Amino acid sequence: MLRRQFIQSGLVLGATLPSLVACMGKDGSSSPGDSVQSRVTPAREVDPKLAPKAFPYGVASGDPESDKVILWTAIKPFNDAVESVPLRLEYVVSPNRIKNEADWAALFTPSATRRLSEFLALKARDYTVKIDLGNAALYQGARFAEGNIQALPANQFIYYRFIAGSQVSRIGRAKTQPSLTTPKANLSANFAVASCSNLPEGFFSVYDMISQEDGLDFVLHLGEYLYEYGEDEYGDGSALVRDGVDRVPEPATEMVSAKDYMLRHAQYKRDPELQRLHAQFPMICVWDDHEFTNDTYRDGAENHTEGEEGTWAERSANSLRAYFNWMPLREQFSRLSTSLRPDPREVIYRRIRVGGLMDLIMLDTRYIGRDKQAGTPAVDPDRFNPNRSLLGKEQREWLQLQLLLAKNEGAVWTFLGQQVMFGQLNLVELPQLQVLGQKLLGNIAAVNMDQWDGYVAERDRVRNFVKAIGLENLVVLTGDIHTSWAIELYENPLLLLGGALEKPFGVELVTPSVTSPGFPDGVAEVVSAAIPVANPHIRYNELKTKGFVLVNLTAERMQAQWRYAMNITDPEQIGVENEAMRKTFEVLAGTNKLVAVSDAALPIPGLPF
């Protein structure tokens with residue numbers, strides 16, 4: 001694994017660091033260990049390079065570990081002729097969670113403020129910057145004009161801001177994970193799970209709801225952070241106006257080129273609710289299909305026309321480049337020296353440990369190893385083909401190793417953060433659904449083939465390994481399908497209809513969408529009522545309302561609560577929750593059983609219910 005490859009081919013120091021732009025040697029030195037005369041560039045030299053408002057995209061943090069965290073921002077230059085912009089980082093380490101963002105500035109006293117400089121926002125990286133704060137090994141030998149990289153203390157808050165010339169970004173707040181040596185009985189984790197945020201479908205009311213939960217440690221985003229479609233192809237952004245600003249996608253056509261993907265990411269980062277979310281909490285994210293285009297797989301996508309829309313290799317590379325530039329995730333390899341594109345070996349599957357309480361294993365079930373989806377209807381025998389893969393051989397072997405490590409290193413809970421529904425979903429055999437018409441049934445079947453139901457042998461391999469090593473307390477977290485589900489995971493859930501007693505090997509929590517549409521009114525109610533008939537392992541489903549899942553975890557139990565927005569099209573109701581719709585389940589350690597609890601009588605401890 002390449003961790004420290006610095007300048008090549010005359011690039012500025014650190015330009016090829018993994019997802020980073022590191023400290024700048026003014027003499028063009030080729031190694032951070034060289035003797036270089038670095039300095040802080042005066043504001044009078046930087047200001048002419050900046051737009052009047054140089055930080056329109058906010059700040060973000062991500063992939064927090066016990067000793068490091070990714071910090072991100074992007075600069076708006078004066079014009080496209082600017083090749084690079086130098087900037088500095090200021091941060092404060094504090095044990096205190098300060099709720100009001102307006103109070104964060106008072107933390108930056110002369111004695112508490114730590115500084116790092118300089119970093120470069122390069123045109124070749126869309127003027128984005130990522131710093132792996134605390135990753136001392138990554139920056140070993142680097143010479144900074146101000147400060148140095150030291151490991152961060154565990155379980156602490158990091159308040160940070162960027163400075164370019166005389167302009168200062170908003171302040172962000174990150175948090176490191178607890179130490180592995182902290183007694184498990186003393187640990188808890190609070191986090192939100194979200195996915196599927198299509199800007200022209202509605203305001204990001206759900207993000208505002210999450211931001212109101214100040215007790216969270218981090219936010220998981222399971223993909224479809226943005227969508228590729230043009231205006232009125234999947235939502236009418238012109239109909240949604242707030243303060244004179246509509247939500248028409250930028251560009252207004254489907255994103256295909258490198259510039260298209262860059263512009264769309266930049267537009268999403270300007271959304272006020274998303275900006276606030278990123279400023280409040282570190283995000284742990286993975287992509288799904290719409291960061292590329294609909295129903296992506298390794299060698300193509302349903303919504304890609306080879307030739308007419310260029311080659312798939314080029315289009316997917318455009319998507320990858322934009323994602324790694326604009327999202328606050330840690331990269332494993334240095335950038336290509338000639339283009340600053342991600343290394344072809346770059347992946348997003350990774351493991352993050354939350355003390356000894358929880359191992360979070362993030363997967364890529366969308367792109368890196370996925371074979372093309374089976375055909376429809378759902379009876380297509382190719383979905384049982386053992387040679388078809390969802391993960392790919394390398395990721396599957398990596399996953400098995402991570403599961404084994406979680407087992408052997410004593411994590412109480414093991415979470416899989418991934419894109420598509422893992423549990424079986426039997427819809428096409430339900431006679432109740434015949435009233436909906438054959439066309440809708442066909443659409444339902446097509447959705448199934450994009451999920452683990454379309455890759456049965458792959459699911460069997462994962463399940464068999466979990467059971468073989470005796471892994472307890474497995475929780476699968478899922479997005480993608482714009483609807484809410486609580487599922488117990490069995491080898492054959494249909495046996496439950498006959499009264500068989502089988503212990504589930506895990507549970508699955510499926511988060512609803514932020515704005516993307518679920519089932520329409522009327523249809524949602526019919527399908528929801530019919531699902532339990534052939535799906536006794538599905539304990540809860542809600543098929544049309546936008547929201548997120550709130551998780552509270554201790555060594556003894558997990559509690560998950562589905563929360564829903566009142567409205568996503570009325571700007572006056574941004575952040576307003578429909579509290580009557582809350583649904584809470586509890587899983588006791590060692591049981592893998594979802595038990596519904598009274599939302600009024602049993603609030604999740606540690607959170608302001």
Side-chain angles (χ1 to χ4, degrees), residues 192-210 222-224 227 229 233-237 239-240 247 288 290 294 419-421 423 425-428 430 432-437 439-448 450-451 477-487 508-535 538-550 560-570 573-585 596 599:
V193 187
S195 73
C196 306
S197 39
N198 185 23
L199 191 134
E201 284 282 358
F203 298 105
F204 291 158
S205 182
V206 171
Y207 287 155
D208 195 74
M209 290 166 56
I210 297 174
L222 298 179
E224 300 184 11
Y227 281 71
Y229 298 109
E233 293 178 354
Y234 197 48
D236 179 7
L240 299 170
R247 298 177 77 81
D288 198 3
H290 291 287
N294 186 55
Q419 294 83 353
V420 293
M421 185 183 286
L425 177 59
N426 181 10
L427 284 177
V428 295
L430 297 180
Q432 293 92 335
L433 298 186
Q434 296 301 320
V435 299
L436 301 179
K439 185 175 186 297
L440 180 56
L441 285 175
N443 291 340
I444 294 171
V447 170
N448 284 346
D450 191 51
Q451 300 170 183
L477 301 173
T478 300
D480 183 63
I481 55 173
H482 311 173
T483 47
S484 303
W485 308 75
I487 304 172
E508 181 173 14
L509 314 177
V510 183
T511 183
S513 69
V514 173
T515 60
S516 302
F519 285 78
D521 286 338
V523 172
E525 290 76 9
V526 173
V527 175
S528 181
I531 282 171
V533 175
N535 298 274
I538 296 178
R539 303 305 188 195
Y540 169 68
N541 73 87
E542 202 286 336
L543 303 181
K544 66 178 184 179
T545 312
K546 313 301 176 283
F548 68 100
V549 179
L550 198 56
Q561 185 174 85
W562 280 257
R563 290 192 174 186
Y564 298 100
M566 185 70 74
N567 188 291
I568 63 166
T569 58
D570 181 359
Q573 296 195 65
I574 290 174
V576 178
E577 181 194 354
N578 186 343
E579 295 187 13
M581 289 190 66
R582 288 185 179 183
K583 185 67 176 180
T584 307
F585 284 89
D599 305 303

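Since we're looking at a predicted model, the values are computed, not measured. Just so you know, these numbers use all the heavy atoms, side chains as well, and skip hydrogens, waters and symmetry mates. By convention here, the first residue in the shown sequence is residue 1.
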| field | A596: partners by side-chain contact (heavy atoms from CB on, under 4.5 Å), with sequence neighbours left out | value | K583, F585

| What pairs with H482 under ring-ring contact (aromatic ring centres under 6.0 Å, His included), at least two apart in sequence or on another chain? | none

| Rounded to the nearest 0.5 Å, how far apart are CG of D450 and CG of N294? | 8.0 Å

| said: According to side-chain contact (heavy atoms from CB on, under 4.5 Å), who are the partners of L240, at least two apart in sequence or on a separate chain? | reply: F203, R247, T569

| field | Inter-residue atom distance S205.OG - N578.CG, 0.5 Å rounding | value | 11.0 Å

| W562 side chain to V510 main-chain N or O, any donor-acceptor pair under 3.5 Å? | yes

| note | Here the pair of heavy atoms bringing D288 nearest to E224 is OD2-OE2, 3.1 Å

| query | For E577, what residues pass the salt bridge (Lys or Arg N to Asp or Glu O under 4.0 Å) criterion, not counting sequence neighbours? | reply | R582

| Inter-residue atom distance I481.CD1 - L543.CG, 0.5 Å rounding | 8.5 Å

| task | Quick one: list whatever passes side chain to side chain donor-acceptor pair (under 3.5 Å) with S484, sequence neighbours left out. | result | Y564

| P512 side chain reached by K546 side chain, heavy atoms, under 4.5 Å | no

| message | For T515, give me all partners under side chain to side chain donor-acceptor pair (under 3.5 Å), at least two apart in sequence or on another chain. | response | none

| Rounded distance (nearest 0.5 Å) linking atom CE of M566 with atom OG1 of T545 | 11.0 Å

| Partners passing side-chain contact (heavy atoms from CB on, under 4.5 Å) against S195 (at least two apart in sequence or in another chain) | L222, T511

| query | Partners of D570 by side-chain contact (heavy atoms from CB on, under 4.5 Å), sequence neighbours excluded? | reply | N567, E572, Q573

| G547 versus V206, closest heavy-atom pair with distance | O-CG1, 3.5 Å

| task | Not counting sequence neighbours, list each pair that qualifies as a salt bridge (Lys or Arg N to Asp or Glu O under 4.0 Å) and has a residue in residues 192-205. | result | none

| query | Could you state the interatomic distance from OG1 (T478) to CE (M421), rounded to the nearest 0.5 Å? | reply | 7.0 Å

| task | Specify the closest pair of heavy atoms between I487 and G423, including all atoms of both residues, with the distance to one decimal. | result | CG2-CA, 4.5 Å

| query | Considering all heavy atoms of both residues, which atom of G518 and which atom of T483 are nearest to each other, and what is their separation? | reply | CA-CG2, 4.3 Å

| Partners meeting ring-ring contact (aromatic ring centres under 6.0 Å, His included) with Y227 (sequence neighbours left out) | Y234, H290

| Reported CD1-to-CG distance for the pair I574 and D208, which is rounded to 0.5 angstrom | 7.0 Å

| field | Residue list, side chain to side chain donor-acceptor pair (under 3.5 Å) with N198, at least two apart or on another chain | value | none

| Partner residues of E525 under the salt bridge (Lys or Arg N to Asp or Glu O under 4.0 Å) criterion, sequence neighbours left out | K544

